[in-house]
Protein chains: 2
Amino acid sequence: MANARLDEGDKRELSEAEALVEADRPRRPTRARRKNADGEPADNNIDILDVAAQCFMEMGFQGASIDDVARRLGATKGRIYHYYRSKTDLFFDVHREGMRRLNEAVHAAMQTGSTGRETLHAMLEAHALTMLQNIAYLAVVVQGVHMHRLGATTLAQRQVLDEIMAIRRDFEHLFIDVFRRGQEDGSIRAENASIAVKGMLGAVNWTAIWYRPRSGETLEHKQKIARELATRQVEGII
Amino acid sequence: MANARLDEGDKRELSEAEALVEADRPRRPTRARRKNADGEPADNNIDILDVAAQCFMEMGFQGASIDDVARRLGATKGRIYHYYRSKTDLFFDVHREGMRRLNEAVHAAMQTGSTGRETLHAMLEAHALTMLQNIAYLAVVVQGVHMHRLGATTLAQRQVLDEIMAIRRDFEHLFIDVFRRGQEDGSIRAENASIAVKGMLGAVNWTAIWYRPRSGETLEHKQKIARELATRQVEGII
DNA sequence: CATTAAACATACTACTGGGTATGTTGCAAT
DNA sequence: ATTGCAACATACCCAGTAGTATGTTTAATG
């Protein structure tokens, strides 16, 4: 959860001493000060992340302004810039949190199943369900993927973007590896793991476009959609 | 190809006479004046559309500026605003052209195949190939779909957006109908046509995210990818 | 109780980008 | 040849926006 250093290499140079101070004083406090009577962590930042995810999903990175996010928080820019050095920083932190949840769910599913096909099925279903349960965060993740070729980013941000894309590649390789395992144990007959996986992930990721939770939607309903999507990708429509 | 009227209902009211004049004088001339020696139509607007599609694909609707598009054209804003009343107008015209090409290809594929499954397979493959061949236009189409909930549009634009979404819904129903036909003739066993189709279209549309043509890429290679994607969606990976 | 720093809010700056108002040029019909 | 209009280019306006500099309040700490 450490705040990644974006926008480094600015015009303003940091002396070595300043850099050390910067390193020792975390930009985001480890513990919240306010309203700790009930013992809850009261993590103030999750509010910002949630609202930011919502705004970025609805209006896109360029379309959503910092003021938009602040307004929805019932606050002003000051609050956001107290925790994040830039809009890009905020966006990527949402992205990172989304990828974290996704990785968590998929890794758990990787432990299940015996054949490669069964494991892959479980991973797809977990992926889909996580999408439906965290649609705002994952919509931002999808945007971030699309953002890859956004040449107009500053040099320092590009480093972070590459890190994100590396995580993304690793994630995709999780599926490809299990796919190959399925080819070897005979549970998967299809060839060309790369394209097959891209198609399957596309079918699941596409939920970021069309799915919006109905009010009062039950978990069972989401599970049903996730199961249906995963099953179709494995078994086809025959 | 007629330029849809966006931004109507402005503060400036049109008298009835003015409205008639507006209707008689096409905003985009039916024929180009310049360099017609060789008899070619020399449609100046296709240049603008092509470049705009490229810019919107790379930087997104909000990210790409009119000046960006103009710069790539080796021109200035003036040229673009001579043909399009607003940035939104330009975007939707790219979108419309993309959907037109897509519809054309899919409708042609609908005439082939005997069983519902075979027809659906052909439609998916045609869809995928069209994506790969017109990635810029279709990336804009994908963006447009995502744009649906972009609450911040003016009232008049919303009307056009609804028109676009209606076309989109019709397009999706093409696949759902053929899917149901396949269920009836026994060539398709899967249930829940709606979710199944959303998954299949997702797998194909996702190419807008990951696919970028390699230089010197052959048509055969694109066909191979399209065929692979379509086959996987029909037969699964078993 | 004084000090200190976190956690914001306020006010401001500089700049971008959509849109417009107004030229300028060249072809074409009269 | 003159007029008229399409097809642009130039120059400008202004609203919005990322980012900053500077207050102000509150809570923990010595």
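Numbered from 1 within each chain, the chains take letters A, B, ... in sequence-line order.
For H82(B), a side-chain nitrogen or oxygen approaches OP1 or OP2 of dA7(D) to under 4.0 Å.
Taking the six-membered ring for Trp, F171(A) and H107(A) have ring centres at least 6.0 Å apart. For F61(A) and H146(A), the distance between ring centers is not under 6.0 angstrom.
The two residues V140(A) and M57(A) make their nearest non-hydrogen contact at CG2-N, 4.4 Å.
Look at CG on L73(B): it is 15 Å from P on dA7(D), rounded to the nearest Å. Between the P atom of dA18(D) and the CD1 atom of I80(A) lies a distance of 10 Å, rounded to the nearest Å. One interatomic measurement links the two molecules: CZ of R79(B) to P of dT22(C), which rounds to 24 Å at whole-angstrom precision.
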Residue pair I225(B), Y211(B): steps toward the side chain to side chain contact (heavy atoms under 4.5 Å, CB included) verdict: CA-CA 10 Å; I225(B) 297 177; Y211(B) 177 76; 4.2 Å; yes
Audit row: Q233(B), Q233(A), side-chain hydrogen bond (donor to acceptor under 3.5 Å, both in side chains) steps and yes/no: CA-CA 7 Å; Q233(B) 290 306 307; Q233(A) 290 307 306; 3.0 Å; yes
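Checked by atom type, the side-chain pair D68(A)/S65(A) shows a donor-acceptor distance below 3.5 Å.
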For nucleotides 13-18 of chain C, tabulate all protein N/O to nucleotide N/O atom pairs closer than 3.5 Å, reporting atom names and distance.
| unit_1 | atom_1 | unit_2 | atom_2 | d |
| --- | --- | --- | --- | --- |
| dG18(C) | OP1 | K87(B) | NZ | 2.8 |
| dG18(C) | OP2 | I66(B) | N | 3.0 |
| dG18(C) | N7 | K77(B) | NZ | 2.9 |

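Counting only heavy atoms from C-beta on, T76(B) has its side chain closest to dT10(D) among dT10(D), dC8(C), dA9(C).
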